[in-house]
Every structure is written in C-alpha cells, then in structure tokens.
Amino acid sequence: MPLSTKHLLGIKEISEQDIWQILETAVRFKEVINRPIKKVPSLRDITIANVFFENSTRTRISFELAERRLSADVVNFTASSSSVAKGETLLDTINNILAMKVDMIVMRHPSPGAPHFLAKYVNASIINAGDGTHEHPTQALLDVYSIQEYFGRIQGIKVVIVGDIMHSRVALSNIFALKKLGAEVAVCGPLSLIPRYISTLGVHVFEHVQQALLWCDVANVLRIQLERQKVKAFPSLREYALYYGINKELLSSLNKRILILHPGPINRGIELTSDVADSEHSIILQQVENGVAIRMAVLYLLAENIQIGNFQ
Amino acid sequence: MAKINLLSGKLLEITLSRLSQQLIENHDHFLETVLIGLQPRGIFLAERIKQILSTTLLKEIPLGYLDTTFYRDDFRRRADKKPLEASQTKIPFLIENKRVVLIDDVLYTGRTVRAAMSALMEYGRPATVELLVLIDRLYSRHLPIQANYIGKSVNTIQSQKVIVEWKEQGFEDDNIWLINRNEI
C-alpha cells in the first residue's frame with residue numbers, strides 16, 4: 001500500500017497502517033545505510049528543502065543524510081541567515097522556495113500548527129520536523145522503531161515518558177504513536193510540567209520516578225526545555241535532578257532490566273547521569289542510527305505520491 | 001484461453017539439473033563464483049540451483065539475495081499505481097573480483113535485471129556478471145539484455161503473464177504457468 005497521506009504533519013493524523021508501512025520500509029533502509037555504499041538512486045529526480053526556523057543538530061543532519069542517501073537534491077535554509085530576518089512572512093518564504101521547483105519541504109518551526117497551515121496553502125509534500133510544543137512525528141517513529149527492534153513487538157510494552165511533558169513535542173507524538181500500536185503509556189514528572197488533561201489521551205500519570213520505572217519496560221527520558229518555559233515550573237534544576245533524575249543506583253534498585261531512550265540533546269547530570277546514559281541500558285545512539293532509516297522510509301514513501309511533472 | 005503449463009514435475013527437474021550442469025561447465029570448481037538470487041521470486045530458483053550444485057560438487061556454494069526495489073526505473077511511474085515493496089537484501093560475502101551469477105525466474109522486459117546490475121555494482125566490482133533464468137520471454141525486451149543460461153524460451157504476447165509456483169511458497173507442487181492477464 002502507498003501511504004494514504006501526502007504530508008507527514010503529525011502522528012495524530014496518520015493511520016496505524018501507515019505507521020507500520022513506514023516501520024517496515026525502514027528495516028530495508030537500515031540495511032542500506034549499513035552497506036559499503038550507503039546510497040540508492042530512488043529520489044534522484046526529487047528536490048527537498050530543509051527549512052529550519054529553530055535550532056537543531058540531530059534532526060537536521062539526520063534528514064539531510066536521509067535525503068542524500070536517497071539521492072535527492074537538497075537545499076538547506078536556516079531562519080537566522082534568511083529574509084525572515086527582513087520581515088518576510090512564512091507563506092512568502094515557502095512560496096519563493098517552491099517557485100524554484102522544490103518537491104518536498106521538511107520544516108521545523110517554533111509555532112504549533114505551522115506545517116498544517118503550510119499544507120493547506122502550498123502545493124508540496126510537507127514533513128513536520130517539529131512544530132513548537134506540538135508534534136515531532138519522525139522522532140516518535142524512530143522511537144517506536146527502536147522499541148520494536150529491541151523487543152520484536154510493541155503491543156503490550158509498557159513505556160513511561162519522564163520529564164517535561166508539557167513542553168515536549170516528542171512526548172505528544174510518542175503518546176499518539178505508542179497508543180496506536182497498542183503499547184501501554186504513562187508519563188512521569190513534576191505535576192507542574194504535566195498537562196492537566198493528559199489522562200484523556202489514555203495515559204497513566206506517575207508522580208514518583210521510582211514507581212514509574214518499576215512499572216515500565218521502557219523509559220523515554222526527556223530534556224527539561226528551559227527555553228520554552230515562560231514561568232518557573234519547579235524550584236531548581238538541582239531539585240529536579242534529585243527527584244526525577246535517573247542514576248545507576250536507582251536503576252539497580254529496580255532488580256530488572258529496563259530500556260532507556262532519550263531523544264537528545266542530553267543534559268548530563270540532570271535527567272540522566274552519565275553512567276546511565278552510557279550504560280548498556282541505554283540505546284540512545286542506536287536511536288540516532290534508526291532515525292536516518294526512518295526518515296529515508298518517510299521520504300521514500302511520501303515521494304511515491306508526488307505527481308510527475310510535465311516534460312513538454 | 002486456459003492456463004498452459006510450461007514446466008512442472010520431471011521436466012522441471014531435468015531443466016534445473018541441466019542449468020546446474022551448464023554452470024559447472026563454465027565455472028569449474030566454483031572457486032571464484034557466487035550466486036545471487038533476485039528478490040522476491042528469484043530466490044527460490046537460486047536456492048534450488050545452489051542445492052543441486054552443492055550436492056554435485058560436495059561443497060557449499062555462496063548464495064546471496066538482492067532486492068532491486070530502490071534501483072528500479074519505474075518509481076512513481078507505474079501505470080497500475082501499485083507501490084514497490086522492498087524485500088531483504090542479504091549478501092554475506094564480498095563480490096569484488098568474483099564471478100557473479102544473477103538468478104531470476106522470468107526474464108521479460110529486462111528492466112529488473114538492469115536495476116539488479118546497478119544495485120550489484122554498489123557492493124563492489126565483480127569480475128564478470130552472468131544471468132540465469134528459468135523462463136525467457138522472447139521478443140519482449142525493452143533493453144539490450146540477454147540471459148546466459150535459459151531454462152525454457154517461450155514466445156508470448158504482452159497480455160500474457162508467466163506465473164511461477166514453488167513448493168517453498170506453500171504450493172502443492174512446482175509449476176510454471178502461462179496465463180492471460182485478464183484471467184487472473
């Protein structure tokens with residue numbers, strides 16, 4: 001089946017079947033990126049613009065590698081060095097890029113819903129690479145891929161998301177993806193950082209990190225997004241680290257093995273101590289590798305739905 | 001038109017064994033030769049050939065699987081809009097300077113073989129590449145590609161289709177059929 005959608009805006013909008021299609025295709029691309037020549041010619045007639053209105057290292061490099069390994073032409077655009085600084089609107093910026101015959105846009109934007117807005121008004125495939133505190137679909141896809149790869153299934157796996165749930169697009173996309181694929185999901189963090197109506201999404205809330213870890217098979221640990229917090233949600237980072245930080249001692253007190261995921265960037269010593277981040281529990285770097293395979297799968301499958309231009 | 005049986009039973013067995021003998025004639029002891037089956041359906045034929053060669057030569061013959069999906073020239077261009085689904089590629093040996101025998105069940109337009117050659121070159125520079133097919137559909141090539149070893153040549157028209165059924169896929173018997181597309 002081809003994907004039933006032209007864009008990847010969020011996990012909320014895509015079907016379970018589409019998610020599986022992406023995960024299965026990613027298995028093939030993971031094999032491709034482990035070959036001596038890590039490149040296939042599939043997207044050689046596609047041009048992709050990476051439009052980043054917000055800082056990013058991992059996601060931008062990951063998308064760019066994915067695009068290049070599919071042989072697409074790539075242009076990069078960062079807001080700080082562009083006409084946005086001269087007062088151009090988002091729609092004008094994108095339409096100007098598209099006028100140069102670009103087929104797909106990968107966009108990160110600080111405003112929730114920005115890619116949805118674009119999808120409505122422009123004629124190109126839009127991939128959301130993170131919109132504010134809303135969604136980060138490819139991160140959720142690579143997280144479920146990593147869980148599937150490790151356990152061989154997702155159905156029934158217990159996943160707790162620890163940290164700043166309120167400001168995290170990774171948390172929201174993960175909840176949607178995990179619930180669609182049949183996992184049990186919980187969140188854990190200071191109550192001031194947990195949205196009030198989160199339980200309407202069908203997730204448990206743990207106040208204490210030890211209880212949460214005792215319950216789960218997988219802990220997806222998030223960074224505290226100080227740059228997004230307009231009011232102080234907890235007294236100090238030191239106190240947060242004390243109550244919600246995960247260290248070796250806490251892990252060994254569980255008497256069971258759990259898997260640690262982290263979308264990066266890590267603030268070592270706050271949400272994770274170094275001995276946990278670098279331990280055999282953590283698959284943080286495998287997540288990064290899987291990220292390229294997942295993004296190749298998304299780009300490949302969405303490209304299949306792009307009309308071929310007229311050659312007259 | 002009913003289905004026509006092209007190969008089955010004893011005749012198929014003889015054909016497979018003849019193809020294997022022809023390979024042995026050209027490749028001696030298979031010191032530098034590797035087999036590569038094309039996904040998704042060429043791998044069953046490749047496994048059979050490998051088995052016959054291994055029992056005849058009393059040694060293990062290296063066999064890999066190659067998927068050509070990402071190298072095809074009809075991505076986004078297929079009239080039937082059926083998407084291309086990738087299968088596993090598994091080449092657990094180096095092909096650099098090896099004599100490679102590509103194996104597929106049916107040779108039709110030649111486009112899959114063209115894609116397979118592009119894909120293969122990404123793994124190294126083989127000394128030679130040959131092609132072995134069970135069924136060669138005559139006069140239907142889109143590209144200048146011919147097989148070195150042919151099980152059976154068949155004169156077909158475009159509205160016909162060759163169906164290959166192997167026991168390994170769950171069929172009761174091995175059968176190669178020629179049918180009309182609109183009767184599928």
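These numbers come from a predicted model, not from an experiment. Each chain gets a letter, A, B and so on, in the order its sequence line appears, and its residues count up from 1.
More than 12 heavy atoms of other residues, nucleotides or ligands sit less than 6.0 Å from atom CG of A:Asn34. Summarising the local packing, NZ of A:Lys12 is surrounded by 12 or fewer heavy atoms from other residues, nucleotides or ligands at distances under 6.0 Å. Other residues, nucleotides and ligands place no more than 12 heavy atoms under 6.0 Å from the CZ atom of B:Arg125. Summarising the local packing, CZ of B:Arg41 is surrounded by 12 or fewer heavy atoms from other residues, nucleotides or ligands at distances under 6.0 Å. The number of heavy atoms from other shown groups lying within 6.0 Å of CD (B:Glu168) is above 12. Few gaps surround CD on A:Glu280; more than 12 heavy atoms of other groups in view lie less than 6.0 Å from it. Surrounding CG of B:Leu94 are at most 12 heavy atoms belonging to other residues, nucleotides or ligands under 6.0 Å away.
At a 4.5 Å heavy-atom cutoff, A:Val27 makes no contact with chain B through either its backbone or its side chain. Neither the backbone nor the side chain of A:Asn305 comes within less than 4.5 Å of any heavy atom of chain B. Both the backbone and the side chain of A:Ile306 come within less than 4.5 Å of a heavy atom of chain B.
Between chain B and the options A:Val32, A:Ile37, A:Leu70, the largest number of non-hydrogen pairs under 4.5 Å is found for A:Ile37.
Across all their heavy atoms, A:Lys39 and B:Tyr71 have their closest contact at O-OH, 3.4 Å. Smallest separation of non-hydrogen atoms from B:Glu122 and A:Pro36: O-CG, 4.5 Å. The two residues B:Thr89 and A:Glu31 come nearest to each other via the heavy atoms CB-OE1, 3.3 Å.
Here the OH-CZ distance, from A:Tyr300 to B:Phe70, works out to 5.5 Å after rounding to the nearest 0.5 Å.
Under the 4.5 Å side-chain criterion, counting only non-hydrogen atoms from C-beta, B:Phe75 is not in contact with A:Ile46.
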